[in-house]
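Notes follow the structure.
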Amino acid sequence: METKKSLEAIPPMKAGQWNSYRPEDVRRWGVERFLDEVAPKEPLEIPDLGFTEEENRRMDEILREEREAANNGI
């Protein structure tokens, strides 16, 4: 009778801290399993940073200008 090898536990990410995993550990655990256990299940919420509507509009405008410049090779 074969016995199932128990899977090595993957340490959970700790909120509010820098987290890092060694590539050889991720390979040993398996990338798909690692991502299933560690990756966020839902999108991260961006906190309200307190910018005004005018500041948000200006930042969007600057980002649009930068994308256009990059697309034009500038």
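Please read these numbers as outputs of a predicted model, since none were measured by experiment. One is the number of the first residue; the rest follow in order along the sequence.
Using a 4.0 Å cut-off between a side-chain N of Lys or Arg and a carboxylate O of Asp or Glu, D25 and R28 qualify as a salt bridge.
Between K14 and N19, the closest heavy-atom pair is N-OD1, 2.9 Å. Summarising the geometry of G50 relative to D48, their closest heavy-atom pair is N-OD1, 2.9 Å, with the distance given to 0.1 Å.
Expressed to the nearest 0.5 Å, how far CZ of R27 lies from CZ of R22 amounts to 10.5 Å. N71 CG to E68 CD: the interatomic distance, rounded to the nearest 0.5 Å, is 8.0 Å. Within the model, atoms CD1 of I10 and CD of E8 stand 8.0 Å from one another, a figure rounded to the nearest 0.5 Å. Interatomic distance, E61 CD to R57 CZ, rounded to the nearest 0.5 Å: 5.0 Å.
Note on I62: it does not cluster hydrophobically with L49, by side-chain heavy-atom contacts below 4.5 Å among ILVMFWY residues.
No more than 12 heavy-atom neighbours from other residues, nucleotides or ligands sit within 6.0 angstrom of CD on E32. The environment of E24 atom CD is dense: over 12 non-hydrogen atoms of other residues, nucleotides or ligands sit within 6.0 angstrom.
Aromatic ring orientation, Y21 versus F34: perpendicular (interplanar angle above 60°, classes split at 30° and 60°).
In this structure, the side chains of E55 and R58 stay at 4.5 Å or more apart for every pair of heavy atoms.
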